[in-house]
Amino acid sequence: MTTPSSIINGHFTSIAYNKEIAAGFAAMFEQQNFQFHVTANFNRTTTLTNGRSKLKLWSSRVDRELFGSRYYKKSASDRLFFVAVPEYGNSSTNLHYHMLVRLPENRHIEFSNVGQPIWNELNPTGSLFIQTIGDSEADRKKVIEYDLKEAWQQNCHANIILSSEFSGQNESLIKVDQQE
């Protein structure tokens with residue numbers, strides 16, 4: 001009996017291997033204490049390159065709104081941080097992102113109020129949904145599992161975005177448990 005498999009970036013991979021990678025991402029994301037789950041829709045055909053550019057612009061505008069015009073001088077850990085997982089809709093051209101978001105606690109209410117209007121300014125046909133993630137481990141796992149559900153389709157896992165890519169700072173914002 002053979003296992004269904006595919007070729008990704010020229011490498012032979014199996015469904016079991018992809019599930020193993022997904023479990024690794026999930027374990028890493030669970031350590032990050034993300035507070036929000038955000039779905040960013042374009043509601044039109046969009047490329048990964050264009051999607052990344054829109055997320056970069058949205059991130060900058062949200063940081064400016066929450067932390068002022070000199071936000072870029074703040075430590076990256078004191079700003080908006082997110083992981084964005086691309087996903088395509090049923091038509092295979094409607095790209096959207098599932099994002100796990102973390103930011104300083106004193107900006108939570110403001111974020112909920114400014115994130116969506118800024119997205120709509122940048123993407124008039126789009127929509128942005130912001131939800132608070134519950135405090136329990138089960139809540140975090142459920143959200144992360146949902147966000148990663150299609151990460152292995154159409155090579156999306158290779159295009160996961162960390163907002164720290166946009167910060168211009170070389171800080172690592174991903175916390176990783178060092179197990180020996």
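When all heavy atoms of Leu128 and Ala40 are compared, the closest pair comes out as CD1-CB, 3.6 Å.
When only modelled atom types and interatomic distance are considered, Ser77 and Ser75 share a side-chain donor-acceptor pair under 3.5 Å. With hydrogens and angles left out, the side-chain atoms of Thr125 and Asn43 include no donor and acceptor closer than 3.5 Å. No side-chain donor from either of Tyr72 and Ser60 sits under 3.5 Å from a side-chain acceptor of the other. For the residue pair Ser136 and Asp139, a side-chain donor N or O sits within less than 3.5 Å of a side-chain acceptor on the partner.
Using modelled atom types, no side-chain atom of Gln116 and backbone atom of Ser112 make a donor-acceptor pair closer than 3.5 Å. Checking side-chain atoms of Glu30 against main-chain N and O of Ala27 turns up no donor-acceptor pair under 3.5 Å. In this structure, Arg61 contributes its side chain and Ile118 its backbone to no donor-acceptor pair below 3.5 Å. In terms of modelled atom types and a separation under 3.5 Å, the side chain of His37 and the main chain of Arg140 share no donor-acceptor contact. Side chain of Trp119 to main chain of Phe129: no donor-acceptor pair is present (N/O by atom type, distance under 3.5 Å, no hydrogens or angles).
By the 30° and 60° cut-offs, the orientation of the rings of His108 relative to Phe36 is perpendicular. Ring planes of His96 and His98: perpendicular class, angle over 60° (limits at 30 and 60°).
Geometric assessment of Lys149 against the ring of Tyr146 yields a positive cation-pi assignment under the 6.0 Å and 45° thresholds.
When Phe166, Tyr97, Phe82 are each tested for a side-chain contact (heavy atoms from CB on, under 4.5 Å) with Trp58, only one passes: Phe82. No option in Leu148, Val38, Ile133 other than Ile133 meets the side-chain contact (heavy atoms from CB on, under 4.5 Å) test with Leu100.
Between the CD1 atom of Ile144 and the CD atom of Gln31 there is a distance of 9.5 Å, given to the nearest 0.5 Å. Expressed to the nearest 0.5 Å, how far CE of Met99 lies from CG of Leu55 amounts to 5.5 Å.
With a 6.0 Å radius and a threshold of 12 heavy atoms from other residues, nucleotides or ligands, Asp135 has its CG atom at or below the threshold.
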